[in-house]
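Have a look at the structure below, then the notes.
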Amino acid sequence: MHDSEQEHSGITGCRVTYESTIFYNEANKFSIIVVKTSDPRIPPQACSGRYYGDRMLRFTAVGYELPRTKAVELELDGEWVESKYGYQLQVEQWQEIVPQTADGLLAYLGSGLIRGIGPKTAEDIVATFGPDTLNILDNEPEKLLQIRGITESKLKDIEESYAESRVLRNLMSLLGPFKITPATALKIYQNFGPACVDILKKCPYDLCQISGFGFKRVDGIVRKTDNRLHSAERIKGAVLYTLEDARSKSGHLFLPSEDLVKETLLWTAQRRSRRRGASKIFTARKPPSVVLKMCRSSRRSAKKGRQRLSSSTGPFGNGSIRSVRPRKK
């Protein structure tokens, strides 16, 4: 790689202002926007060739859920990529910088970024709460019911819209070591819901339920801070991944408990390959009790020794599979 390519491979903390929208997908929130900045780190090949009187640099940013309003400034982190449309910034993380002045709050709330709040409602909110407006949105949104025109149903829309934007940013920060894209963050949010950050803080191995997060990938990062080989969370992650792996690769609708235990042990065995470690692992008198506990928990939930696909939500919901006890002959 040339020095120039290394120099322009990525950028962090680039403060920009929205200029215009090139493309926006309402379904998945994918955005292509033009932004302007005075940041001298922008590579020349990314800059627009047009001359502007303000002498600001314009470039194209690509990502998900990018704010399309001039009411706030943005801080962008991302990688420079060359596409058939030219040099663009693939945004990995972004952060809104909302001015704390009355005009700044009015512009932000009335920009359309938050569902349920238009220009008139924004005026009433800022007039009522003043500089405490963002704190109200963060911590006491029920106080918005004091504002004329905000009903219970509208408050719900406001809370959901504001929370979704905030959660996605927090999720990107939490999963920084995984270097996830905004698209992946959105997929994780859709899977776990608004509580996704708390869920993954409690048990990061739940990521094994998401396509693209294999047990080895998650385990390698989690064990940098938690080296307990037989923790319940780690075994749960291996069980979930074993079941999902069997479904996606082989089309299995169930696994006998004995097979589930063996495969789980193979994933959790350390410093052993799946092939070389097999004979050593299963010569032990019994596998770790926590593995059996996890598998028995799955087995108890089956009815009459067989578990059909579940349509419910939860760790094994959405078409996942469970272990079952094999029928006696």
Side-chain angles (χ1 to χ4, degrees), residues 11-39 42 46 48 50 52-54 56-78 88-138 141 144 147 149-150 154-155 157-173 181-183 185-186 189:
I11 192 170
T12 59
C14 179
R15 185 169 290 201
V16 304
T17 303
Y18 168 81
E19 179 82 357
S20 62
T21 298
I22 296 176
F23 175 79
Y24 177 69
N25 186 316
E26 184 68 36
N28 63 8
K29 316 295 186 184
F30 178 71
S31 315
I32 304 176
I33 63 175
V34 175
V35 295
K36 62 181 180 180
T37 182
S38 58
D39 194 321
I42 308 302
S48 168
R50 295 178 58 187
Y52 295 87
D54 58 11
M56 301 279 280
L57 303 175
R58 268 79 172 174
F59 66 89
T60 302
V62 178
Y64 288 81
E65 201 83 54
L66 299 178
R68 295 171 294 121
T69 174
K70 298 178 181 179
V72 296
E73 284 189 299
L74 304 174
E75 273 195 2
L76 306 180
D77 297 349
Q88 302 173 332
L89 182 67
Q90 178 70 54
V91 178
E92 296 174 350
Q93 297 186 60
W94 57 267
Q95 178 178 331
E96 294 170 344
I97 304 172
V98 182
Q100 296 299 306
T101 63
D103 288 342
L105 291 170
L106 277 173
Y108 171 63
L109 294 180
S111 65
L113 287 174
I114 303 175
R115 291 193 307 273
I117 299 181
K120 180 61 174 67
T121 304
E123 288 181 11
D124 294 341
I125 292 174
V126 175
T128 302
F129 301 111
D132 202 36
T133 296
L134 293 183
N135 180 56
I136 295 296
L137 283 168
D138 283 329
L144 293 177
I147 306 301
I150 296 184
K154 182 174 285 190
L155 176 63
D157 285 342
I158 293 171
E159 288 182 289
E160 289 178 352
S161 178
Y162 186 71
E164 180 176 332
S165 176
R166 185 176 57 180
V167 167
L168 285 174
R169 292 197 299 272
N170 293 341
L171 190 61
M172 293 287 292
S173 177
T181 64
L186 184 61
Y189 176 85

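Quick note: numbers below take in every heavy atom, side chains included, and nothing from hydrogens, waters or symmetry partners. For reference, positions follow the sequence shown, starting with 1.
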What's the shortest heavy-atom distance between [X] and [Y], and which atoms?
X	Y	result
Ala107	Ala71	O-CB, 3.0 Å
Ile97	Glu75	CD1-CG, 3.4 Å
Cys14	Ile42	SG-CD1, 3.8 Å
Thr12	Asp77	CA-OD1, 3.1 Å
Ile150	Ile125	CD1-CD1, 4.3 Å

Is there a side-chain contact between [X] and [Y] in this structure, where contact means two heavy atoms from C-beta onward sitting under 4.5 Å apart?
X	Y	value
Ile114	Tyr108	yes
Val91	Val62	no
Phe59	Leu89	yes
Leu137	Ile158	yes
Leu106	Glu123	yes
Pro67	Trp94	yes
Thr17	Thr37	no

Next item on the list: List the steps and the verdict of side-chain contact (heavy atoms from CB on, under 4.5 Å) for Leu76 and Gln95.
Entry: CA-CA 7 Å; Leu76 306 180; Gln95 178 178 331; over 6 Å; no

Can you tell me how far apart [atom1] ([X]) and [atom2] ([Y]) are? Round to the nearest 0.5 Å.
X	Y	atom1	atom2	answer
Leu134	Leu109	CG	CG	7.0 Å
Arg68	Ile33	CZ	CD1	9.0 Å
Thr60	Arg58	OG1	CZ	12.0 Å
Lys154	Glu159	NZ	CD	14.0 Å
Leu74	Glu96	CG	CD	7.0 Å
Leu155	Leu144	CG	CG	6.0 Å

Item checked: Between Asn135 and Asp138, a side-chain donor and acceptor under 3.5 Å -> no

Checklist line | Test item: side-chain donor near acceptor, Glu73 and Tyr18, under 3.5 Å | finding: no

Item checked: Evaluation steps, side-chain contact (heavy atoms from CB on, under 4.5 Å), between Ile11 and Asp39 -> CA-CA 10 Å; Ile11 192 170; Asp39 194 321; 4.3 Å; yes

Margin query: Would Tyr162 and Asp157 count as a side-chain contact (heavy atoms from CB on, under 4.5 Å) here? Give the steps.
Written below: CA-CA 8 Å; Tyr162 186 71; Asp157 285 342; over 6 Å; no

